[in-house]
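Please read the structure below before turning to the comments.
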Amino acid sequence: MKKFLLTLSSAAVLLSACGGNGSGNEEAGGGEGGDLEEQVVIGDDIEGATEFTFWNFQELHSQFFEDAVTRWNEENPDRPITLVAETYPYDQMHNNLLLSLQSGSGAPDFADIEISQFANFLQGQPQLEPLNDVVEPELDNMVTSRFEIYAKDGEYYGMDYHVGATVMFYNEEIMNEAGVDIDSIETWDDYIEAGKQVVENTEAVMTTVESDDHFTFWPLISQRGSDYFDADGNVIFDNETNVDTLQFIHDLVYEHEIAILAPGGLHHAEEYYGFMNDGGAASLMMPMWYMGRFLDYMGDLDGKMQIRPLPTWEEGGNRSAGMGGTGTVITNQTEDPELAKEFLAFAKLTEEGNIKLWEILGFDPPRHDVWDTEEMRADNRFFQYFHDDIFDILLDINDEINDLNITEQTPNAQQEINSTVMHSVLREQSKTPEEALSDAAEAVRSRMTD
């Protein structure tokens, strides 16, 4: 097992250099820097096994790989693996991983890199193993955009856990009390009118919006065909669509008065889980991977929640957006890259591996040819909580998800949104959407010319 030798002071220097943040997301959980939160050793009782290390920031991912190692060792008794899976805090893990790769020592064999951080690891010559030889034979069965976001110069470097289709979670008990049929909500105008009924007839608000993270803003601009950057990497923060969308979010709170700022600032705060669990809001827009948060932290809503596509901006418009993501990589410091690639492909590219992504994590797997299989339709805890039409909905909206344009400046863009734009427009109300996005765009453009 490789030893972790980086110091907390080194991590702090690198953290300030990359502008990383610890905002919670689908994969937020733990991180590195000496603060080991959990260590799981799988297959350590097998003589002659090749030992790999795996850094992550979400302990649930260790559970997924624990299952994968067990299955691998059963099917490959002549090439057994021991995996030491270590969970650390989000910021510290990413920054210490980057430093260990740059220094040429101390990196694990495998690591999870969250989508907004991934560009940091693609600058210059990536210190990661290209995965084309195992990815390309399977691409026809995959949602290819989930691989393009982890690519550079035609080389694929990461494998995701999910598609991340953004949906609306409705508390049907509250909606029924308000006299609203959730299937009657087709457009965002319908949603606003339904929200007014909720506020008038119940003690809940219609929804919550984040002031400290991007999962309210980014999905909505993506749904409308916009982004932080265009396909050529140019900053489009301040385009008309983005300004109009941020104004829409602002108006949900301050004009229509059907939304409030998420308690704790984001949809992953402890305060927020308690608020929702007590029936504080009638609906929530988040990617499908957020299902696990309901099961883990909002048990009182079991059987009350329904999943539906997003309302559209106009007739025939997209009803979803692909959000979030974490690419599992193999570092160039691994001593057995071929075995590492074979194992990672076994875990994340095979049909069984993708079914396990659903069964263990509740994620919508990137391999689309498993979505309508019997295994994916078998009764499980997610169907019991949310009803059994989840994959009917996913199949219905699969072609309505725009690609994301991830660049080397994406971490800086996220930092501007999370720490400046949403605060100034929503919490402080010190800037208009146009002013805030214009300032953020200039800040990112200035970094691109430095």
### Task
Show the numbers, then the answer: is there a side-chain contact (heavy atoms from CB on, under 4.5 Å) between Asn120 and Gln123?
CA-CA 6 Å; Asn120 289 327; Gln123 296 186 31; 3.8 Å; yes
### Task
Mind running side-chain contact (heavy atoms from CB on, under 4.5 Å) on Tyr170 and Leu284 for me, showing each step along the way?
CA-CA 7 Å; Tyr170 288 105; Leu284 168 65; over 6 Å; no
### Task
Please assess His267 against Asp213 for the test side chain to side chain donor-acceptor pair (under 3.5 Å), listing each intermediate value before the final yes or no.
CA-CA 8 Å; His267 293 149; Asp213 211 342; over 6 Å; no
#### Entry: Steps toward side-chain contact (heavy atoms from CB on, under 4.5 Å) verdict (Arg71, Lys356)
CA-CA 11 Å; Arg71 290 187 293 109; Lys356 291 293 184 179; 3.9 Å; yes
### Query
Under the side chain to side chain donor-acceptor pair (under 3.5 Å) criterion, do Tyr156 and Glu148 qualify, and how do the steps go?
CA-CA 7 Å; Tyr156 299 109; Glu148 296 298 335; 3.0 Å; yes
### Intermediate values then yes/no, side-chain contact (heavy atoms from CB on, under 4.5 Å), Ile192 and Lys196
CA-CA 6 Å; Ile192 291 171; Lys196 292 177 180 178; 3.9 Å; yes
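Looking only at distances, a side-chain donor or acceptor of Thr82 sits under 3.5 Å from a matching main-chain atom of Gly43. Side chain of Thr312 to main chain of Gly317: no donor-acceptor pair is present (N/O by atom type, distance under 3.5 Å, no hydrogens or angles). Within the 3.5 Å criterion, the main-chain N or O of Glu435 finds no donor-acceptor partner in the side chain of Ser438. Judged purely by atom type and a 3.5 angstrom limit, Asp181 uses its side chain to pair as donor or acceptor with the backbone of Asp183. Looking only at distances, a side-chain donor or acceptor of Gln58 sits under 3.5 Å from a matching main-chain atom of Leu60. Checking side-chain atoms of Arg445 against main-chain N and O of Val235 turns up a donor-acceptor pair under 3.5 Å. When atom types are taken as modelled, the side chain of Asn171 and the backbone of Glu173 share a donor-acceptor pair closer than 3.5 angstrom. In terms of modelled atom types and a separation under 3.5 Å, the side chain of Thr202 and the main chain of Val199 share no donor-acceptor contact.
Checked against a 6.0 Å centroid threshold, the rings of Phe294 and Trp289 do not count as neighbours. Taking the six-membered ring for Trp, Trp358 and Tyr161 have ring centres at least 6.0 Å apart. The six-membered or imidazole ring of His94 lies near that of Tyr90, with a centre-to-centre distance under 6.0 Å. When ring centroids are compared, Tyr157 and Phe118 stay outside the 6.0 Å threshold. Between Phe110 and Phe52, the distance separating the two ring centers is shorter than 6.0 angstrom.
In summary, Asp389 and Arg308 engage in a salt bridge, as defined by a charged side-chain N under 4.0 Å from a carboxylate O. Glu416 has a carboxylate O that lies under 4.0 Å from a charged side-chain N of Arg447, or vice versa, which qualifies the two as a salt bridge. Taking 4.0 Å as the cut-off between side-chain N and carboxylate O, Lys304 and Glu172 do not count as a salt-bridged pair. Residues Asp399 and Arg319 are not paired through a salt bridge, judged by the lack of any N-O separation under 4.0 Å between the basic side chain and the carboxylate. Contact check on Arg377 versus Asp392 returns a salt bridge, with a Lys/Arg side-chain nitrogen under 4.0 Å from an Asp/Glu carboxylate oxygen.
Put simply, the side chain of Leu261 reaches to within 4.5 Å of the side chain of Leu426, judged on heavy atoms. No side-chain heavy atom of Phe64 sits less than 4.5 Å from a side-chain heavy atom of Asp67. Side-chain contact between Leu83 and Val41 is absent, with no heavy atoms from C-beta onward closer than 4.5 Å. Taking 4.5 Å as the limit, every side-chain heavy atom of Phe346 sits out of range of all side-chain heavy atoms of Val69. No side-chain heavy atom of Trp218 sits less than 4.5 Å from a side-chain heavy atom of Ile417. Between Ser222 and Asp227, the closest side-chain pair of non-hydrogen atoms is not below 4.5 Å. Under the 4.5 Å side-chain criterion, counting only non-hydrogen atoms from C-beta, Ile149 is in contact with Asp160. Two residues are said to be in side-chain contact when any heavy atoms from C-beta on lie closer than 4.5 Å; Thr410 and Phe229 meet this criterion.
Side chains of Asn56 and Thr87: a donor-acceptor N/O pair is present below 3.5 angstrom, by distance only. Glu351 and Asn354 form no side-chain donor-acceptor contact under 3.5 Å, judged by distance and modelled atom types alone. Side chains of Asp379 and Gln384: a donor-acceptor N/O pair is present below 3.5 angstrom, by distance only. A side-chain donor-acceptor contact under 3.5 Å links Asp109 and Thr53. His368 and Asn141 share no donor-acceptor pair across their side chains, judged by distance under 3.5 Å alone. Using modelled atom types and a 3.5 Å distance limit, the side chains of Asn277 and Tyr297 yield no donor-acceptor pair. Remark: the Glu114 side chain and the Ser116 side chain contain an N/O donor-acceptor pair separated by less than 3.5 Å. Side-chain atoms of Asp251 and Gln247 form a donor-acceptor pair, as typed in the model, at a separation below 3.5 Å. Of the N and O atoms on the side chains of Asp190 and Ser184, not one donor lies less than 3.5 Å from an acceptor on the other residue. Between the side chains of Thr407 and Tyr228, no donor N or O sits under 3.5 Å from an acceptor N or O.
When all heavy atoms are compared, the tightest approach of Arg367 to Leu349 is NH1-O, 2.8 Å. Ala282 approaches Met175 most closely through the heavy-atom pair CB-SD, 3.6 Å. For the residue pair Asn405 and Asp230, the shortest heavy atom distance occurs at ND2-C, 3.4 Å. The two atoms that bring Pro311 and Gln223 nearest to each other are O-NE2, 2.7 Å, heavy atoms only. Scanning all heavy atoms of the two residues, the minimum distance from Glu400 to Asp396 falls at OE2-O, 3.6 Å. Taking all atoms of both residues into account, the shortest heavy-atom contact from Asp112 to Phe57 is O-CE2, 3.9 Å.
Shown are Thr245, Leu220, Asn402, Asn242; of these, the side-chain contact (heavy atoms from CB on, under 4.5 Å) with Ser226 is made only by Asn242. Of the listed residues (Trp371, Tyr290, Phe363), just one forms a ring pair (Phe, Tyr, Trp, His ring centres under 6.0 Å) with His162, and that residue is Phe363. Exactly one residue among Thr241, Asp244, Asn318 makes a side-chain hydrogen bond (donor to acceptor under 3.5 Å, both in side chains) with Arg224. That residue is Asp244.
Using bins of under 30°, 30° to 60° and over 60° for the plane-to-plane angle, the ring pair Phe65/Phe343 lands in the tilted bin. Ring geometry for Tyr191 versus Trp188: interplanar angle over 60°, hence perpendicular rather than tilted (30 to 60°).
Residue Glu434 places its CD atom among 12 or fewer non-hydrogen atoms of other residues, nucleotides or ligands, all under 6.0 Å distant.
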